[in-house]
Amino acid sequence: MSGASVLCQSNLLSLPNNPPQNSELNAKFNDQGWLSLLKRCKSMEEFKQVHAQILKLGLFWDSFCGSNLVATCALSRWGSMEYACSIFRQIEEPGSFEYNTMIRANVNNMNLEKALLLYAEMLERGIEHDNFTYPFVLKACSLLGALKEGVQIHGQVFKAGLEDDTYVQNGLISMYGKCGEINHACDVFEQMDERSVASWSSIIGAHASVELWQDCLMLLGDMSSEGRHRAEESILVSTLSACTHLGSPDIGRCIHGILLRNISELNVVVKTSLIDMYVKCGHLEKGLWVFQNMAVKNKLSYTVMISGLAFHGRGREALRVFSEMVEEGLAPDDVVYVGVLSACSHAGLVKEGLQCFNSMQLVHKIKPTIQHYGCMVDLMGRAGMLKEAYDLIKGMQIKPNDVVWGSLLSACKVHLNLEIGEIAAENIFKLNQHNPGDYLVLASMYARAQKWTDVARIRTKMAEKHLVQTPGFSLVEANRKVHKFVSQDKSQPECDTIYDMIHQMEWQLKFEGYGPDTSQVLLDVDEEEKRERLKYHSQKLAIAFALIQTSEGSPIRISRNLRMCSDCHTYTKFISMIYEREISVRDRNRFHHFKDGTCSCKDYW
DNA sequence: TGGCAGATCC
């Protein structure tokens, strides 16, 4: 955008044609006078008045003054980007400070492309880019996931001889992390002479970006044993997130302890991460406690709590928290509504879900995203309203994706509707989405209908496309370590003990009336073989291991990557009763709490 | 005159 066009379109105060001579008045207002006035501004109105005065006195021609006008207007909470931009374009020869300010403000406002354009303009004009330029330009690349641009900028950093600046290096680490290039992030980190807490935070965050959760925790350990930095809030946020994903509440609780020891008053971000960690690791009540004792809550705190309650199938409470949020005057956004709708879906609140879906659009003027449709299809599908769900998809204003069709497909599996199921699967494959899970759901529907030729057809298709099922695994925490089990796994060092335990358990299970549900096994093999396969599902291995390794009566917490099969569900119910253990299992979608032979989902899932 | 790191979504 050229300077002239900005001048025409804006309601900006006009610039005098010539710089006036320095007058007495000018001198009075000069020096720190205007600066302190600028600093005291609390609204655009006040700012405009000061701006007018500055123009009247001709001080704008002092480049230092113009720069400060831009910075104040761009970076203040009450400021206006448009207005700041117009002032910026009036400056005859903007230097790196002005460009840096504008880039920074644009990144803060998520105008990321604009920020990169300004940077390009800077280069084009030959304006010196200094070490203050890069952290924000790199952040723009991070947020855009723009690796190509990031690498180019890394080149510029070398050209400018800024590769040793800690701030720039931290920015590079984050950029590479967010763009999925963890090795490059590690290279930068390892080559650093001087590391700040933020450097550790960046490298841990980079590992979090690529979901290397165990490494996040290991790096926290490395930092602590190095002994030069104390873990502080931002680092602990990433590591809490690692605990959340690993399902390790014990490690999470240690981090909570470190936080309480090091910091007197935790900020909103940390508390929100704490809630998320507790809730997703099965300690819903602890999460609720942190939430209820927060003095300041923001939209995200509410979102985390609402989706947390949804995760645990506590739909009504989620709706209650949602109304609290609205009452507090926080405007709901699309993400909160994803939480609200999924809460309705997990708890089977069909009527409420439909109401929320309507008021989202009519009252809050939020256009449904693909996620909202996903929740609605899920909600209707679970409730057996397959025809209605299919109609909703047909009437969608945006193109349905594989996830939406996938929800319908799994609902069809639950309610055994092969006809609509086939349509859903067809649409998924038409989208050129070949997720092995979808093929398997379809195959299992054919298997249940005893249509073995169709099962074979789907299997062949999978083989042709080289699709392999993502191996199912379960994680369980014992003795402050996370242990991983894969289905049919015999590689564990404790393998023999675990298999012995499984045989022992089998015995008692049979006695209590459990019978394996072999319809879950897709292979056309005999019953005996099917039973053998079921026995060693990763969740069962993890339970057996936990029964051996943890003390009697203590709860067992498992998290797994795939959805639980219904046989594991029944099995776990029995185990919770026989061994008198509370067992919670987290899968991709939700929590199941098993106690005394029943599950918190009331078998609705 | 100014910089880096952190939390939510089927």
Side-chain angles (χ1 to χ4, degrees), chain A residues 35 38-39 63-72 74-75 95-105 107 130-139 142 162 165-175 177-178 196-206 208-209 232-241 244 267-277 279-280 298-308 310-311 333-343 345-346 369-379 381-382 401-408 410 588-590:
Chain A
L35 193 60
L38 262 184
K39 277 187 182 158
S63 72
F64 187 55
C65 182
S67 317
N68 271 284
L69 272 171
V70 173
T72 310
L75 299 171
S96 70
F97 176 76
E98 291 77 19
Y99 269 99
N100 291 347
T101 306
M102 289 306 292
I103 291 174
R104 178 181 169 194
V107 173
D130 52 27
N131 49 341
F132 290 96
T133 314
Y134 287 98
F136 281 107
V137 181
L138 287 169
K139 190 172 177 179
S142 300
L162 297 168
D165 185 283
T166 316
Y167 287 90
V168 176
Q169 288 166 321
N170 294 345
L172 282 167
I173 294 172
S174 300
M175 182 275 292
K178 287 266 161 57
S196 64
V197 186
S199 315
W200 284 98
S201 182
S202 305
I203 193 69
I204 293 176
S209 307
E232 42 90 279
E233 284 161 308
S234 69
I235 291 187
L236 296 178
V237 169
S238 303
T239 37
L240 276 174
S241 170
T244 308
N267 66 30
V268 191
V269 181
V270 186
K271 284 195 177 167
T272 305
S273 323
L274 267 174
I275 298 173
D276 197 41
M277 183 277 291
V279 169
K280 295 234 180 87
N298 63 17
K299 207 186 283 181
L300 215 64
S301 330
Y302 277 101
T303 307
V304 167
M305 196 66 249
I306 291 168
S307 20
F311 218 75
D333 61 9
D334 56 330
V335 186
V336 182
Y337 264 109
V338 173
V340 171
L341 296 178
S342 73
S345 140
H346 288 309
T369 64
I370 202 85
Q371 277 109 331
H372 298 122
Y373 282 114
C375 291
M376 291 312 288
V377 171
D378 204 45
L379 172 84
R382 280 173 206 270
N401 65 359
D402 57 317
V403 183
V404 172
W405 286 115
S407 292
L408 184 63
S410 23
R588 231 172 0 164
N589 289 322
R590 65 170 296 155

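Quick caveat: nothing in here was measured; it's all calculated off a predicted structure. Every chain is numbered from 1 and lettered A, B, ... according to where its sequence line falls, protein lines coming before strand lines.
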Practice item. Would you indicate which nucleotide in B:dC4, B:dC9, B:dC10 comes nearest to any side-chain atom of A:Asp378? Key: B:dC10
**Study point:** Atom-pair distance (CD1 on A:Ile306; C1' on B:dA7), nearest Å
**Key:** 15 Å
Practice item. Taking only the side-chain nitrogens and oxygens of A:Arg104, find out if one of them lies under 4.0 Å from OP1 or OP2 of B:dG2. Key: no
Revision key, fill the gap. Closest to the side chain of A:Asp165, out of B:dG3, B:dA7, B:dC10, is B:dG3
Exercise for review: State whether A:Lys271 places a side-chain N or O below 4.0 Å from either non-bridging phosphate oxygen (OP1 or OP2) of B:dT8.
Suggested key: no
Review point. Taking CD1 from A:Ile235 and C1' from B:dG6, how many angstroms apart are they, rounded to a whole number?
Key: 10 Å
Practice item. Report which part of the nucleic acid A:Phe136 touches: base, sugar-phosphate, or nothing (heavy-atom distance under 4.0 Å, all strands). Key: sugar-phosphate
Check your understanding: With a centroid cutoff of 5.5 Å and a plane-angle limit of 30°, would you call A:Phe132 stacked on B:dG3?
Key -> no
Review point. Is the side chain of A:Asp276 donor-acceptor paired with the backbone N or O of A:Thr272 at a distance under 3.5 Å, no angle test?
Key: no
Check your understanding: Counting any heavy atom closer than 4.0 Å, what does A:Asp402 reach on the DNA or RNA strands: base, sugar-phosphate only, or nothing?
Key -> nothing
Practice item. Look at all strands and tell whether A:Val269 reaches a base, only sugar-phosphate, or nothing, counting heavy atoms closer than 4.0 Å. Key: base
Review point. Under the 3.5 Å rule, do the base of B:dC9 and the side chain of A:Gln371 count as making a donor-acceptor pair?
Key: yes
Exercise for review: Using atom CZ of A:Phe64 as one end and atom C1' of B:dG2 as the other, report the distance to the nearest whole Å.
Suggested key: 11 Å
Check your understanding: Quick one: does A:Gln371's side chain have a donor or acceptor within less than 3.5 Å of a partner on A:Tyr373's backbone?
Key -> no
Review point. At under 4.0 Å between heavy atoms, what does A:Glu232 touch on the DNA or RNA strands: base, sugar-phosphate, or nothing?
Key: base
Review point. How is A:Asn298 classified with respect to the nucleic acid when contacts are heavy atoms under 4.0 Å: base, sugar-phosphate, or nothing?
Key: base
Exercise for review: Specify the separation, in whole Å, of atom OH of A:Tyr373 and atom P of B:dC9.
Suggested key: 21 Å
Review point. What does A:Gln169 touch in the nucleic acid at a heavy-atom separation under 4.0 angstrom: a base, only the sugar-phosphate, or nothing?
Key: nothing
Practice item. Starting from C1' on B:dA5, measure out to NZ on A:Lys178 and report it in whole angstrom. Key: 8 Å
**Study point:** Residue pair A:Asn170, A:Ser196: steps toward the side chain to side chain contact (heavy atoms under 4.5 Å, CB included) verdict
**Key:** CA-CA 9 Å; A:Asn170 294 345; A:Ser196 64; 3.5 Å; yes
Revision key, fill the gap. Closest to the side chain of A:Val237, out of B:dC4, B:dG6, B:dC10, is B:dG6
Check your understanding: With distance as the sole criterion, do the side chain of A:Ser234 and the base of B:dA5 form a donor-acceptor contact below 3.5 Å?
Key -> yes
Check your understanding: A:Ile173 has an atom CD1; how far is it from atom P of B:dG3, in whole Å?
Key -> 19 Å
Exercise for review: Indicate, with a heavy-atom threshold strictly under 4.0 Å, whether A:Asn68 touches base, sugar-phosphate, or nothing.
Suggested key: base
Exercise for review: Return no unless some side-chain N or O of A:Lys139 is found under 4.0 Å from OP1 or OP2 of B:dA5.
Suggested key: yes
Exercise for review: Name the nucleic acid region contacted by A:Ser96, choosing base, sugar-phosphate or nothing; use a 4.0 angstrom heavy-atom cut-off, strictly under.
Suggested key: base
Practice item. Would you kindly give the CG-to-C1' distance between A:Asn267 and B:dA5, to the nearest whole Å? Key: 13 Å
Check your understanding: Under 4.0 angstrom, heavy atoms only, what part of the nucleic acid is A:Ser201 near: base, sugar-phosphate, or nothing?
Key -> base
Practice item. Check whether any side-chain heavy atom of A:Tyr167 lies under 4.5 Å from a side-chain heavy atom of A:Asn131, and answer yes or no. Key: no
Review point. Looking across every strand, which nucleic acid part, if any, lies under 4.0 Å from A:Val197 by heavy atom: base, sugar-phosphate, or nothing?
Key: nothing
Practice item. Round to a whole Å and report the spacing from CG of A:Leu138 to P of B:dG3. Key: 16 Å
Review point. NA contact type, A:Ser241, heavy-atom cut-off 4.0 Å: base, sugar-phosphate, or nothing?
Key: nothing
Review point. Hey, does A:Thr101 reach any base, or is it just sugar-phosphate, or nothing, if we go heavy atoms under 4.0 Å?
Key: nothing
Study note, to complete from the structure: Only residue of A:Ile306, A:Thr303, A:Leu300 satisfying side chain to side chain contact (heavy atoms under 4.5 Å, CB included) with A:Val335 is A:Thr303
Review point. Which of these nucleotides, B:dT8, B:dG2, B:dC10, is closest to any side-chain atom of A:Val335?
Key: B:dT8
**Study point:** Under 3.5 Å: donor-acceptor pair, side chain of A:Asp130, backbone of A:Thr133
**Key:** yes
Exercise for review: Scan A:Val270 against the nucleic acid and name what it touches under 4.0 Å (heavy atoms): base, sugar-phosphate only, or nothing.
Suggested key: base
Exercise for review: Remember a base hit wins even if backbone is also touched, and classify A:Asp333 as base, sugar-phosphate or nothing at under 4.0 Å, heavy atoms.
Suggested key: nothing
Practice item. Kindly give the heavy-atom pair with the smallest separation between A:Asp334 and A:His372, and that separation in Å. Key: O-NE2, 2.8 Å
Practice item. Identify which nucleotide among B:dG3, B:dA5, B:dC9 has an atom closest to any side-chain atom of A:Val338, counting heavy atoms from C-beta outward. Key: B:dC9
